[in-house]
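Okay, structure first, notes after.
Quick caveat: nothing in here was measured; it's all calculated off a predicted structure. Naming: A, B, ... by sequence-line order, numbering from 1 per chain.
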Amino acid sequence: MKKIYKSAASALDGLLFDGMLIAAGGFGLCGIPENLIEEISKTKIKDLTVASNNAGVDDFGLGQLLATRQIKKMISSYVGENAEFMRQYLAGELELEFTPQGTLAERMRAGGAGIPGFYTKTGVGTTVAEGKEHKVFNDQTYILELGMMADLSIVKAWKGDEQGNLVYRKTARNFNPNAATCGRICVAEVEEIVSIGTLDPDEIHTPGIFVNRIIKGDHEKRIENLTLSSSKEV
Amino acid sequence: MWNRNQMAEVAAKELKDGMYVNLGIGIPTLVSNFIPEGIDVTLQSENGMLGMGPFPTENQVDADLINAGKQTVTELPRTSYFNSADSFSMIRGGHIDMAILGAMEVSENGDLANWMIPGKLVKGMGGAMDLVAGVKRVVVIMDHSNKHGESKLLKDCTLPLTGKSVVDRVITNMGIFDVVAGGLKIVELAAGVSLDNVKVITEAKLID
């Protein structure tokens, strides 16, 4: 079993096709698989549906795939930081399925856990609930949301080993463990590949069974909203 | 009338010892500056952090450590990190005691609109729909009227909803209002605001 690949290009080789669904980890620009996204932007694949909480910024993260017009549809909860996204969407060039953040996370978790649907209170009485099955449990109304099974998931972790075991760092964990489980294939990029036995088995966040391919990336780790204790305005 | 900081200070009086609280972006973030002496609260940030610390000094800045507004923050000795599904298990599962959120509109029966202006503003609901559906108590902080002087407390919201009958209390620059059967009950008015002032400007039914 060989999970470690030399480059983003080799790790994605044979996995990409037009019209596929990709689930990506990350929150804002924090913990995004920036190397894998950049590599996809160099390929010719198109008509992608991408499930990711956010859509990056104009020139970084998923914004790169919007710039190349490779994304047909986004499944996201918040896209307010991306002017090109807003332009494409308002011009009718990009489809958007707004999904509440917790529902998106649970759709990934459920899909990865073999659960095709679940009921949630989130979104009841809003546009999110339109066209969805409603069901009452204990006098409360819930809606049916579907588990997500992606063709590919791309995630970013702090450390990984050749078994694909992953450890994330601080709030860069976010959607990554959930996205990792819901892909038919999961490719992970890490800051450091460590030898087997280095990671404490008790402290592994994503067990290697969920990860098929792993690369060491170079990470810019751009900060979206630098706020200091000395900043006047929060 | 209260300014932003005074609204945050008023909201901070909602905090009780031992609470787990989620603060939204904008004025709600300011609430953490006014946590009363002797009250221990733990702040949850829905991107995956419990026990959120203050903004960092220049040396403490860490790209892997941000809050739900994507601002750099710091950790505390009590801090824990978790994935997004676990984060919303806390929120949707009713484990968070209170959320303090901003809003565009609130109706007299507690409907909340704070995520979208059709055709204009495409941002998204983020975690707001989950928060209002799952958190035990929802407090809104917002200006009483918009920049055109129109009431943001309405009979019915005109914008797409974030949640239906989800708001418990609204704190505006004019006062504190509780959502009760039949309308919004005036709990307190800001210094310099008269009952007539607030009734003239408010579209929603007020109960004094």
**Study point:** Proximity breakdown for S165(B) and chain A, heavy-atom pairs closer than 4.5 Å
**Key:** neither
Study note, to complete from the structure: Interatomic distance, NZ@K164(B) vs OG1@T141(A), rounded to 0.5 Å, equals 11.5 Å
Review point. For T57(B), is it the side chain, the backbone, both or neither that has a heavy atom under 4.5 Å from a heavy atom of chain A?
Key: both
Point to revise | Over 12 foreign heavy atoms within 6.0 Å of CG, D218(A) | key: no
Review point. From N83(B) CG over to N176(A) CG, what is the distance, rounded to the nearest 0.5 angstrom?
Key: 9.5 Å
Review point. Highest number of heavy-atom pairs under 4.5 Å with chain A: which of A85(B), G48(B), A63(B), A133(B)?
Key: A85(B)
Point to revise | Main-chain N/O of T227(A) paired to T72(B) side chain as donor or acceptor, under 3.5 Å | key: yes
Exercise for review: Under 4.5 Å heavy-atom distance to chain A, tell me which part of E75(B) shows up: side chain, backbone, both or neither.
Suggested key: side chain
Exercise for review: Measure from the ring center of Y78(A) to the ring center of W115(B) and say whether it is less than 6.0 Å.
Suggested key: no
Check your understanding: Which heavy-atom pair separates I66(B) from T171(A) by the least distance, and what is that distance?
Key -> N-OG1, 3.0 Å
Review point. Does the pair D130(B)/K121(A) count as a salt bridge with the N-to-O cut at 4.0 Å?
Key: no
Revision key, fill the gap. Closest non-hydrogen atoms of R92(B) and T103(A), given as atom of the first, atom of the second and distance, are NH2-N, 4.1 Å
Review point. Would you find more than 12 non-hydrogen atoms of other residues, nucleotides or ligands less than 6.0 Å from K136(B) atom NZ?
Key: yes
Review point. Looking at K221(A) and D64(B), what are the two nearest heavy atoms and their distance?
Key: NZ-OD2, 2.8 Å
**Study point:** Residue part contacting chain A, namely of P56(B), when any heavy atom lies under 4.5 Å
**Key:** both
Exercise for review: Tell me yes or no: between the side chains of N174(A) and S84(B), is some donor less than 3.5 Å from an acceptor?
Suggested key: no
